[in-house]
Amino acid sequence: MCVAERVCVFVFLLQGVCCRTNSISLPEKIEALSGSSVIIKCTFEIKENEDKDLTESDATGFWLKDGTNVNNHQVFNSRDPKPDHFKGKITGKLHEKNCTTIFYDVSSKHNGKYYFRIESGTLKYTYTEITGNISTINVIESPPKPTVKLYEEQKEVQDQEEVLEGSSVSLRCSAETLCSSPPPTLTWSSTPRIPLSESSRQQELISDLNFTAAHRHHRVTFTCTITYQILDKNKTAQDSITLHVQYSPKNTSVSVLPSGSVLEGSSVTLTCSSDANPAVLNYTWSRESEGQLKQLQTGDMLTFNKTNQTQRGLYHCTAQNKHGTQVSSVMLDIQYAPQISISSSCVSGDVTECFCEVDGNPSPGLEWHLSGRPVTNSSDTFISEERLSSTVLRSSITLHQSLTHTTTLQCVSRNTHGTGYLVFTPKIIKKTSWFDVYSLLVGVVGGATLITILWITTLLYKRICRTQRGDKTGLIRTDVADSVDNGEDPFYVNKGMMSPDEAPTLNHPETLHYSTINFMNTKPESKDIKGISSLTTDYAVVGYFGRNVADCEAKIREVTSMTHDDAIYQVPHKVAIKTKQ
């Protein structure tokens with residue numbers, strides 16, 4: 001039906017009951033778009049005795065505007081159009097009493113009241129309000145707006161109320177058609193743009209847009225546009241509706257500031273965000289530890305003012321509103337320099353076995369250094385590695401030699417944040433030595449017997465002093481070396497060594513060597529040295545190579561300021577002895 005078109009319904013008396021009278025059916029009001037064509041739907045009736053006069057060859061239709069005078073108000077003649085008449089034609093067949101008419105290129109001059117007149121032979125009649133009704137044409141510059149309505153589960157939603165995610169939604173666009181040609185069209189669009197699938201009934205100028213509500217439809221504006229094609233241009237009008245969808249949290253994410261790797265000791269903040277309608281009610285933080293979640297706190301931010309490696313791990317943020325929850329996770333990667341475990345250790349005997357365990361992030365490398373030089377796998381050395389976790393590395397080394405106090409073994413670990421190292425003091429597996437026997441004798445044999453042994457030892461020393469004049473390693477160095485080889489502890493051996501060609505002389509004496517023996521069980525009764533029962537806790541044996549035995553003994557007495565017998569075995573506590581020429 002045309003806009004504001006009201007077709008008068010006439011009740012015609014049955015033929016034979018009453019005679020027919022002149023009548024007409026017209027739309028009372030017609031809206032026409034400027035520049036378009038307007039259609040006036042029209043049918044009429046005449047008296048029965050006039051039917052013989054209404055012929056196809058003679059029938060002529062007239063339209064009178066704003067009056068009924070044929071000469072003054074005529075604007076259209078179907079058989080004889082005038083230059084000042086409206087352009088158009090009667091599309092109906094007058095001899096069949098159909099007076100439907102189309103006017104082209106309407107403008108404001110078409111505004112007014114229209115009367116129809118029929119002439120055919122002797123039949124001449126103008127239809128007025130008395131015989132039916134007249135049409136009023138109103139020309140508009142812009143088309144009327146269509147109307148968009150929202151339906152959820154086939155029920156109309158009033159006042160743009162929110163729809164629930166997952167529900168069936170329909171948007172219906174309807175428009176009252178102007179009596180124009182060609183007919184208008186309806187199209188859908190959205191902001192932001194999303195794919196649309198419409199189901200239209202264009203003949204009634206109704207278009208339905210059907211879909212299932214999703215979070216991506218929230219706050220999307222849907223627009224229905226009606227388009228009239230007017231010559232070489234279009235005239236449009238539109239109506240819009242903004243959809244509001246309620247949904248559970250979506251696109252939940254956790255950001256780390258500062259971004260990237262976090263250095264131990266620095267500050268870091270985790271921030272959680274989520275898209276939800278209604279907005280997220282609360283954020284809950286938890287940390288995954290040994291397969292279990294530990295609740296931490298609520299709020300959209302989690303801050304560590306001073307990080308440490310124990311805080312490294314997987315953190316979860318749970319966003320919640322009344323429609324559901326969503327979880328987002330982030331790995332907090334706290335980086336730190338290598339840290340060598342205190343459990344790392346060595347055991348040394350004929351074979352030295354050590355292991356070193358280091359923790360660092362990023363994962364560190366590990367090397368072994370023997371006396372300052374890197375050690376690699378060889379026939380005498382075996383090194384193996386085992387990665388215990390993403391940050392922990394364990395390395396083992398086997399040396400087919402014993403460690404002495406002249407040898408250092410280091411475990412060295414590096415990553416981009418620093419270096420960690422550990423110097424090993426091996427737990428030496430002791431062997432039985434002359435000192436062990438000596439200590440046993442102290443506890444078992446009586447003082448008189450020990451004095452005898454000491455006297456014998458003194459004689460042996462003198463013998464050694466005489467026979468070792470050509471030994472370039474020295475008595476004490478030999479003794480100490482033996483002691484070390486035999487596993488005694490603790491000893492210190494001077495690292496200075498002479499080549500075989502450098503025999504000691506008065507001008508070039510041999511480098512002095514030290515050895516300290518601790519008798520921890522002795523309890524001296526006085527400061528005087530009167531035998532084994534009153535030994536001081538520190539002893540040293542001093543050897544010096546001179547030109548002869550007498551020179552040797554004299555030099556020892558000179559250095560120690562002691563008697564011949566005491567100089568061999570007894571030296572005051574912590575006396576520094578220097579070789580003199």
Side-chain angles (χ1 to χ4, degrees), residues 1-7 24-44 56-120 126-127 132-146 175-187 202-205 225-237:
M1 301 285 288
C2 294
V3 62
E5 179 182 304
R6 296 173 186 166
V7 178
I24 192 168
S25 174
L26 291 171
E28 289 183 359
K29 294 182 180 180
I30 300 174
E31 279 193 342
L33 187 62
S34 176
S36 69
S37 301
V38 63
I39 299 174
I40 304 175
K41 293 181 180 179
C42 175
T43 58
F44 65 93
E56 183 178 1
S57 59
D58 291 337
T60 303
F62 298 84
W63 285 99
L64 311 177
K65 179 177 177 291
D66 297 331
T68 57
N69 186 286
V70 176
N71 295 324
N72 297 330
H73 299 97
Q74 185 181 150
V75 293
F76 181 82
N77 184 325
S78 63
R79 287 189 181 273
D80 184 20
K82 302 291 190 295
D84 59 342
H85 284 182
F86 294 159
K87 295 179 180 180
K89 70 177 181 178
I90 295 178
T91 59
K93 295 180 180 180
L94 291 176
H95 66 281
E96 295 178 357
K97 305 172 185 175
N98 187 335
C99 53
T100 297
T101 303
I102 182 170
F103 290 142
Y104 302 117
D105 194 19
V106 297
S107 62
S108 59
K109 67 181 181 179
H110 288 78
N111 287 325
K113 296 179 180 180
Y114 288 79
Y115 302 84
F116 181 71
R117 177 180 175 82
I118 183 69
E119 292 184 3
S120 182
T126 299
Y127 293 89
N133 61 311
I134 61 175
S135 286
T136 300
I137 294 179
N138 180 32
V139 178
I140 58 178
E141 294 298 324
S142 299
K145 290 176 57 175
E176 294 180 332
T177 308
L178 299 179
C179 296
S180 64
S181 178
T185 58
L186 294 175
T187 55
Q202 295 289 356
Q203 68 274 17
E204 300 178 16
L205 219 58
T225 302
I226 186 170
T227 303
Y228 289 85
Q229 187 174 359
I230 309 298
L231 299 177
D232 58 347
K233 62 180 180 180
N234 294 332
K235 288 192 175 184
T236 63

Can you confirm whether or not the ring centre of W63 sits under 6.0 Å from the ring centre of Y115? no
Main-chain N/O of [Y] paired with [X] side-chain donor or acceptor, under 3.5 Å:
| X | Y | value |
| --- | --- | --- |
| D66 | K113 | yes |
| S135 | K29 | no |
| K93 | E56 | no |
| R117 | T60 | no |
| K235 | S34 | yes |

Tell me, do [X] and [Y] make a side-chain contact under 4.5 Å, heavy atoms counted?
| X | Y | result |
| --- | --- | --- |
| F76 | I90 | yes |
| I40 | I137 | yes |
| S120 | H95 | no |
| N111 | N138 | yes |
| T101 | T91 | no |
| T43 | K97 | no |

State whether a side-chain donor-acceptor pair under 3.5 Å links T236 with N234. no
